[in-house]
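Everything on this sheet refers to the single structure shown next.
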Amino acid sequence: PGDQEAGELGLAAVPGRQAAFRQGLEAAVHYARAVGCPRIHVMAGRVPLNTDRAAVAGEMETTFIENLRYAADLLSQEDMIGLLEPINNRITDPRYYLNTPHQAAAILEKVGRPNLKLQLDLFHCQIMDGNLSRNLETYFPLIGHIQIAQVPGRHEPDSPGELNFPYIFELLESLGYTGYVGCEYAPKGDTLEGLGWLRSYWESRGLQHGGTSKAAK
């Protein structure tokens, strides 16, 4: 993430911070190797303070592409995947550089490395673009990780909000998604109690807690 006390949230697209980006990436790889994690979120970073987003967009994209190619080469040596996550600039972070799946897909195409993927957080995607079914279908070949939270409260999937998660989970299964779904939400109360939505979902699919089939038992 860079120097968070100084207001940084990633470095990959921030001009002039290339050396710090490489240092941070090497540290991330060290930790990922130690815990056996094959995917690393390569954070783009924020538009510098007191600068116009449009005025620096070209320089930030160039920096981002160069850093991502460096990251892809390093990660390939470790058999790891780099992930790009668009973060909405309407609610969560007005200055974050990477905002939409469309922007991320365009960057990935320009970088052209197979071990870089899209980390699609449905909370951010809904806020910026909506149209989740079509976006999941369109960008599915690029997706390396999915994250979820209800909109707009960013709480459990069964909390009041805009998204129908049982439908979304079934859509992901129909598309052939076999990766993890990260619960990137703020529990309204106790963490374990807040996982009741998952138990209910498993039961609705004829599964026991832990995702195993009752029929198999």
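All heavy atoms count here, side chains included; hydrogens, waters and symmetry mates do not.
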Using side-chain heavy atoms (C-beta onward) and a distance below 4.5 Å, is Leu142 in contact with Leu120? no
Please list, chain by chain and in numerical order, all residues satisfying side-chain hydrogen bond (donor to acceptor under 3.5 Å, both in side chains) with Thr138, sequence neighbours excluded. none
CG/Leu116 to CD/Glu109 distance, rounded to the nearest 0.5 angstrom? 13.5 Å
Would you list the atom pairs, donor with acceptor, under 3.5 Å between side chains in residues 185-193 and any protein atom, with sequence neighbours excluded?
from	atom 1	to	atom 2	distance (Å)
Tyr185	OH	Trp197	NE1	3.0
Asp190	OD2	Leu192	N	3.1
Asp190	OD2	Glu193	N	2.9

dist Leu132:CG -> Gln126:CD (nearest 0.5 Å) comes out at 4.5 Å
Could you state whether Met128 and Phe140 fall into the same hydrophobic cluster, counting links through intermediate Ile, Leu, Val, Met, Phe, Trp or Tyr residues with side-chain heavy atoms under 4.5 angstrom apart? no
Just so I know, are the side chains of Arg113 and Asp73 near enough to count as touching, which here means a heavy-atom distance under 4.5 Å? yes
Verify the cluster assignment for Leu136 and Leu118: are they in a single hydrophobic cluster under the rule of side-chain heavy atoms below 4.5 Å apart? yes
Any chance you could measure Tyr70, atom OH, to Gln18, atom CD, to the nearest 0.5 Å? 12.0 Å
For Cys37 against Met80, the heavy-atom pair lying closest together: O-CE, 4.0 Å
Does a side-chain heavy-atom distance below 4.5 Å link Arg95 with Leu49? yes
Working to the nearest 0.5 Å, report the span between CD of Glu61 and CD1 of Ile107. 4.0 Å
Same apolar cluster: Ile65 and Leu83, side chain cutoff 4.5 Å: no
side-chain hydrogen bond (donor to acceptor under 3.5 Å, both in side chains) partners of Arg53, counting only residues at least two apart: Asn99
Go through the structure and list residues passing ring pair (Phe, Tyr, Trp, His ring centres under 6.0 Å) with Tyr96, not counting sequence neighbours. none
Ile87 and Thr92 have their tightest heavy-atom pair at CG2-CG2, 4.0 Å
Can you sort out the partners of Arg46 under salt bridge (charged side-chain N to carboxylate O under 4.0 Å, His left out), two or more places apart, ordered by chain and number? Asp93
With Asp129, which residues qualify under side-chain hydrogen bond (donor to acceptor under 3.5 Å, both in side chains), at least two apart? Asn135
Heavy atoms of Val42 and Gly82 approach each other most closely as CG2-CA, 4.2 Å
Got a second to check how far Trp202's CH2 is from Leu195's CG, nearest 0.5 Å? 8.0 Å
Do Ile81 and Leu68 belong together in a cluster built from hydrophobic side chains that touch within less than 4.5 Å? no
Identify each donor-acceptor pair in which a side-chain atom of residues 145-153 lies under 3.5 Å from a protein atom, sequence neighbours left out, and give them as a table.
from	atom 1	to	atom 2	distance (Å)
Gln147	OE1	Gln119	NE2	3.1
Gln147	NE2	Glu85	OE2	3.3
Gln147	NE2	Asp121	OD2	3.0
Gln150	OE1	Glu162	N	3.2
Gln150	OE1	Leu163	N	2.8
Gln150	NE2	Pro157	O	3.1
Gln150	NE2	Ser159	O	3.2
Gln150	NE2	Leu163	O	3.1

Could I get the full list of ring pair (Phe, Tyr, Trp, His ring centres under 6.0 Å) partners for Tyr201, not counting sequence neighbours? Phe169
Any pair with a residue in residues 110-133 that passes ring pair (Phe, Tyr, Trp, His ring centres under 6.0 Å), sequence neighbours left out, goes on the list, sorted by first then second residue, please. none
Minimum heavy-atom separation for Asn115 to Ser76, with atom names? ND2-N, 3.4 Å
Closest non-hydrogen contact found for Pro101 with Pro86 is N-CG, 3.8 Å
Spatial distance of atom CZ (Phe165) from atom CD (Glu170) [nearest 0.5 Å]: 14.0 Å
Which residues pass the side-chain hydrogen bond (donor to acceptor under 3.5 Å, both in side chains) test with Arg33, not counting sequence neighbours? Glu78
Of all residues at least two apart in sequence or in a different chain, which pass the ring pair (Phe, Tyr, Trp, His ring centres under 6.0 Å) check with Tyr97? Phe64
If you compare all heavy atoms of Tyr139 against all heavy atoms of Ala105, which two are closest, and at what distance to 0.1 Å? CE2-CB, 3.7 Å
Just to verify, what does Val14 make a side chain to side chain contact (heavy atoms under 4.5 Å, CB included) with, not counting sequence neighbours? Arg17
